[in-house]
Amino acid sequence: MKRKIIAGNWKMYKTMTDGLAFLDAFVPRCHREMMEKCSLILAPNFTLLASMAARCREAGIALAAQNCHPGGEGAYTGETSLAMLVDVGVSHVLVGHSERRALFGEQDNFLNQKVKAVLAAGLVPILCVGETLAQREADAAGTVVEKQLRQGLDEVVPDGRLMIAYEPVWAIGTGKTATVDDARSMHQFIRQCLRSLAVDGKGEDVPILYGGSVKPANAPGLLAEDEINGVLVGGASLNPEDFARIAESV
Ligand code: 13P
């Protein structure tokens, strides 16, 4: 069995003190069987990365950044380069989270530059895609997700160096999870798109995560699906017990 990926996106929550307290509570719960079945990833805020890096490394938890700038160093006030993220011990980078798209105007072509830059830096991009409620109701979910994938992965051959997170916008922070059937069928669709963009069957190697109100109660059903290679958890990842219960449900 392939390990399931259990990723936590802390968004703009937790101070450095809170982050270290989370590790104090969470790391002792990472028992051997859990670590054999799951790959754990945490994406705290930039200000927490340096202080969490050594303890995450010792515990076998990968550290992700929530964003990056695609360029090298330069006059980009407020931005963070990939060299800085590598230096601090980050291995994964979230790209194109729906909050970045909706609140900060990030467009597919800019996200494509980020995906390429993350790969060039030797890190793993986690490209987030997903439709809004209006798009789903207009029966456009597939078209929207396919466009996000094609443009976000322009000139990128998808393979095991990257991950996709399917996060339907209407399920994020709302308590509404996609049904297992909805999630499975969109994951199958994403897999087909990846196959068509990949060469030599490498599209099979791209893990596809589900995100959107994942909780200890619904995680077992989602993670039991072969098509769902892991989860990207927001709110429930802030609580060490809930995040551990989600990982334990694998
Ligand atoms: P919630 O789990 O809080 O719905 O957030 C999902 C998410 O946006 C993870 O990136």
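In each ligand, atom 1 is the first atom listed, and ligand 1 is the first ligand listed.
Residue contact check for ligand 1: A171 places a non-hydrogen atom closer than 4.0 Å to it. Using a 4.0 Å cutoff on heavy atoms, G211 does not count as a contact of ligand 1. A heavy-atom separation below 4.0 Å is found between K11 and ligand 1.
Looking only at protein heavy atoms, the nearest one to atom 2 (O) of ligand 1 is G234 N, 2.9 Å.
Not a single donor-acceptor pair under 3.5 Å links the side chain of E79 to the backbone N or O of Y76.
Near S213, with a cut-off below 4.0 Å to any heavy atom, the atoms of ligand 1 are 1 (P), 2 (O), 4 (O). Of all atoms in ligand 1, listed by their number and element, those nearer than 4.0 Å to a heavy atom of L232 are 9 (C), 10 (O). Every atom of ligand 1 is numbered from 1 in the order shown, and the set under 4.0 Å from a heavy atom of E167 is 6 (C), 7 (C), 8 (O), 9 (C), 10 (O).
Salt bridge D159/R161: present, at least one basic N to carboxylate O contact under 4.0 Å. E106 has a carboxylate O that lies under 4.0 Å from a charged side-chain N of K114, or vice versa, which qualifies the two as a salt bridge. Salt-bridge check for D108 with K147: passed, with a basic side-chain N closer than 4.0 Å to an acidic carboxylate O. A salt bridge links R136 with D182: the closest approach of a Lys/Arg side-chain nitrogen to an acidic carboxylate oxygen falls below 4.0 angstrom. Between E227 and R191 there is no salt bridge, since no side-chain nitrogen of the basic residue lies less than 4.0 Å from a carboxylate oxygen of the acidic one.
Of the heavy atoms in A236, none comes closer than 4.0 Å to ligand 1. Contact annotation: for N9 versus ligand 1, heavy atoms closer than 4.0 Å belong to the side chain alone.
Residue-to-ligand polar distances keep T174 apart from ligand 1: every N/O pair is separated by 3.5 Å or more. By the 3.5 Å distance cut-off applied to N or O atoms, G235 is counted among the residues near ligand 1.
Because its NZ or CZ atom is not both nearer than 6.0 Å to the ring centre of F26 and within 45° of the ring axis, R29 does not count as a cation-pi partner of that residue.
Counting all heavy atoms, side chain and backbone alike, A141 lies closest to M186 at CB-CE, 3.7 Å.
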